[in-house]
Engineer: 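Take this structure, written in structure tokens, and hold onto it; I'll ask about it next.
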Amino acid sequence: MKWLNLNYNTDDMPLYLAIAKAVRGAIQEGQLQAGDALPSSRHLAEQCGCNRHTVMNAYQELVAEGWIESRQRSGYRVVEELPVESSLGTGAAKDSPEAFSWRIPRQTQSLPFRKAVTYSVNFAGGCPDISLFPFQTFRGYMNEAMLRPDIQSLNYGDNAGYLPFIEQVDIFLRRRRSVVDKKIVIVNGTQEALYILAQLLLQPGDHVAVEALGYAPAWNAFRNAGASLVGIEQDHLGIVPEHLEKVAQQKTLRALYLTPLHQYPTTVSLSASRRLKILDIAQRYHIPIIEDDYDHEFHYRCQPIAPMAAKDPAQQIIYLSSFSKLMFPAARIGFLALPPALYDSVVQYRSVMNHKANVPMQDAVARWMKSGDFERYLRKLTRTYERRRDLMVSLLTQYQQKGIDLSFEKPDGGMALWVKTSGPIDQVFELSEKQGVFFQHERHFHLDSRSDQNRYMRLGFAGVNEDKMMQGLSCIMEHLKPV
Ligand SMILES: Cc1ncc(COP(=O)(O)O)c(C=O)c1O
């Protein structure tokens with residue numbers, strides 16, 4: 001970008017010196033940085049309403065002072081090594097008042113997320129394999145969205161989402177997940193939905209029940225609205241209904257947040273009988289359920305069990321899902337399938353934080369879904385992830401046979417394995433990380449950090465190809481070897 005906003009004053013000096021002073025000031029203030037290109041003399045002359053030679057003279061002055069240099073074919077640039085004077089900044093900066101101290105009453109807890117690029121093998125459980133995404137095919141739908149846009153939809157309004165995309169999501173939900181009788185609102189990912197719901201449904205001091213081992217970004221959204229979280233106990237079958245009932249007897253619960261299909265992080269599927277018990281408790285104690293179904297399609301043993309929201313005659317379940325795993329997290333597309341009674345309030349509230357989700361992206365995804373390419377890709381992706389799950393299970397079984405004390409259940413679906421070790425894993429985590437191999441430690445998921453047994457690893461299989469998986473596991477297992 002060659003645009004440059006300059007403030008200059010010609011009261012007591014010729015114009016070329018005033019321009020030179022303004023450019024020097026822009027460098028000193030950091031508006032222009034080492035190596036930045038300057039506007040061409042023609043552009044800057046147009047901007048300042050002066051002759052091109054005036055700008056050339058200003059630039060020559062700055063070259064002589066050592067602020068900028070002329071490079072062949074790339075015009076003028078700020079020098080890489082600025083004159084010493086610049087490090088002092090302007091006179092105004094020297095006298096600047098003490099830095100402002102901000103009051104941040106809504107500070108949130110930091111999340112244990114890592115940058116994928118930092119690791120040579122990243123077993124973080126929520127990472128899809130983005131390299132498998134059909135960028136070429138999708139580009140065609142993006143092009144169509146740009147070539148034949150629905151102009152009206154690109155304006156303000158229609159805050160619930162782009163209608164053709166809502167229609168596709170509606171069909172997808174009915175046919176693939178048996179969710180009917182809900183009203184759809186498109187959001188920029190599940191996180192936005194959680195934020196809207198928390199702000200809309202919760203008040204400071206309210207209690208929200210969550211899985212004791214669970215998804216910290218959702219907790220942050222609830223806490224940020226002033227809610228206190230209550231962890232519901234889990235066993236090998238998922239959350240324990242009897243404990244939920246006990247909590248409900250003691251406290252008024254304003255919401256129950258659940259990941260029933262592939263519990264996050266353990267990947268356990270909540271059985272049909274437990275779902276019924278939980279729904280019964282929710283009905284008797286009047287607790288809204290927020291069902292987060294973030295990776296529904298990745299189920300391998302059989303058809304995934306339908307969401308709880310598929311059978312919700314009382315309309316007390318809010319269903320959330322996302323395209324972050326079906327596409328990639330940066331697509332920022334998710335949706336709420338709402339009880340109709342909540343629809344207007346949610347659509348109105350969403351404009352407090354944002355007007356609508358990105359329409360060209362919704363348009364492209366709608367075209368992709370309608371064409372059938374989306375379904376084909378999903379089938380292929382699910383098969384790939386199934387193979388990776390099987391490979392991880394077989395590699396871990398081989399390590400068990402070699403004497404490494406591990407235990408795990410083969411998950412029916414999801415994108416990760418929840419693996420127990422016989423000894424502490426702190427050191428294994430740190431040593432592996434130093435060698436560029438990342439996995440999630442159980443402490444990333446406990447609501448109550450005192451419950452950390454320092455024994456469980458979450459090993460994501462979806463985002464790593466076969467070679468990386470072998471390499472990463474071999475590194476981790478090296479540190480787990482009995483001494
Ligand atoms: C439990 C859970 N919910 C939702 C999501 C997706 O969130 P978003 O749609 O904001 O990317 C994830 C992704 O890791 C998740 O693990």
Side-chain angles (χ1 to χ4, degrees), residues 108 111-116 122-130 133 161 165 169 172 177 184-198 208-222 224 229 231-232 234 238-239 255-270 289-299 304 307-309 318-337 350 353-354 357-358 361-362 365 385 411 413-418 438-440 442 444-447 458-463:
T108 52
L111 296 170
F113 288 161
R114 310 297 170 120
K115 277 193 179 159
N122 189 347
F123 285 118
C127 293
D129 189 341
I130 300 171
F133 186 75
F165 182 50
V169 171
F172 180 63
R177 304 189 186 177
I184 291 161
V185 175
I186 308 298
V187 284
N188 297 296
T190 302
Q191 195 57 32
E192 188 175 289
L194 287 164
Y195 179 79
I196 294 171
L197 294 174
V208 174
V210 298
E211 293 151 329
L213 270 165
Y215 186 54
W219 302 343
N220 270 352
F222 302 140
N224 201 253
L229 305 183
I232 306 300
Q234 288 163 240
I239 74 159
L256 166 63
Y257 168 75
L258 282 182
T259 50
L261 183 61
H262 303 134
Q263 201 275 329
Y264 185 94
T266 60
T267 75
V268 170
S269 293
L270 198 62
I289 296 178
I290 301 175
E291 177 176 19
D292 182 352
D293 197 9
Y294 57 102
D295 64 352
H296 187 93
E297 274 56 46
F298 306 136
H299 204 80
M308 290 175 76
I318 298 166
Y319 180 76
L320 314 181
S321 198
S322 170
F323 279 68
S324 288
K325 318 291 175 195
L326 304 181
M327 296 176 69
F328 40 84
R332 301 316 303 144
I333 297 192
F335 55 87
L336 287 137
R350 82 101 36 106
M353 65 171 301
N354 203 346
N358 178 333
M361 184 57 130
Q362 293 178 65
V365 179
Y385 288 176
M415 301 163 78
L417 256 70
W418 186 243
F438 177 76
F439 62 85
Q440 287 166 299
E442 68 165 294
H444 297 156
F445 309 107
H446 283 289
L447 181 67
R458 187 169 202 252
L459 290 172
F461 52 78

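One-based numbering, in listed order, for ligands and for the atoms of each. Residues take their numbers from the sequence shown, with the count starting at 1.
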Engineer: On the 0 to 90° scale, with breaks at 30° and 60°, tag the Phe323-Phe172 ring pair as parallel, tilted or perpendicular.
Structural biologist: tilted
Engineer: Would you check if there is a donor-acceptor pair between the side chains of Tyr319 and Asp293 at a distance under 3.5 Å?
Structural biologist: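 Asp293 vs Tyr319: donor-acceptor pair found between side chains.
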Engineer: Show, in sequence, the C-alpha distance, side-chain angles and deciding distance for Glu297 and Lys325, and conclude whether the salt bridge (charged side-chain N to carboxylate O under 4.0 Å, His left out) test is met.
Structural biologist: CA-CA 9 Å; Glu297 274 56 46; Lys325 318 291 175 195; over 6 Å; no
Engineer: List in chain and number order the residues that pass side chain to side chain donor-acceptor pair (under 3.5 Å) with Asp295, two or more places apart in sequence or in another chain; answer none if no residue qualifies.
Structural biologist: His262
Engineer: For ligand 1, indicate whether the residue Thr190 contacts it via side chain, backbone, both or neither (heavy-atom separation under 4.0 Å).
Structural biologist: both
Engineer: Any luck finding a side-chain donor-acceptor pair between Ser269 and Gln263 under 3.5 Å?
Structural biologist: no
Engineer: Which residue holds the protein heavy atom closest to atom 13 (C) of ligand 1, what is that atom called, and what is the gap in Å?
Structural biologist: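 I find the closest protein heavy atom is Lys325 NZ, 2.6 Å.
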Engineer: Nearest heavy atom to atom 9 (O) of ligand 1 wins, so pick from Pro329, Ala416, Ser322.
Structural biologist: Ser322
Engineer: Apply the test side-chain hydrogen bond (donor to acceptor under 3.5 Å, both in side chains) to residues Ser321 and Arg177: give CA-CA distance (whole Å), side-chain angles for both, the deciding distance (0.1 Å), then the verdict.
Structural biologist: CA-CA 11 Å; Ser321 198; Arg177 304 189 186 177; 2.8 Å; yes
Engineer: By number and element, which atoms of ligand 1 are closer than 4.0 Å to a non-hydrogen atom of Ser324?
Structural biologist: 8 (P), 9 (O), 11 (O)
Engineer: Quick test: of every protein heavy atom, which one is nearest to atom 10 (O) of ligand 1, and how far off is it to 0.1 Å?
Structural biologist: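 Of the protein heavy atoms, Arg332 NH2, 2.8 Å lies nearest.
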Engineer: Suppose I only count heavy atoms of Gln191 and a 4.0 Å limit; which atoms of ligand 1 are within that range?
Structural biologist: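 Per the distance check, 10 (O).
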Engineer: Return the residue, atom name and 0.1 Å-rounded distance of the protein heavy atom closest to atom 4 (C) of ligand 1.
Structural biologist: Asp292 OD2, 3.4 Å
Engineer: Return the closest protein heavy atom for atom 5 (C) of ligand 1 as residue, atom name and distance.
Structural biologist: Tyr215 OH, 3.5 Å
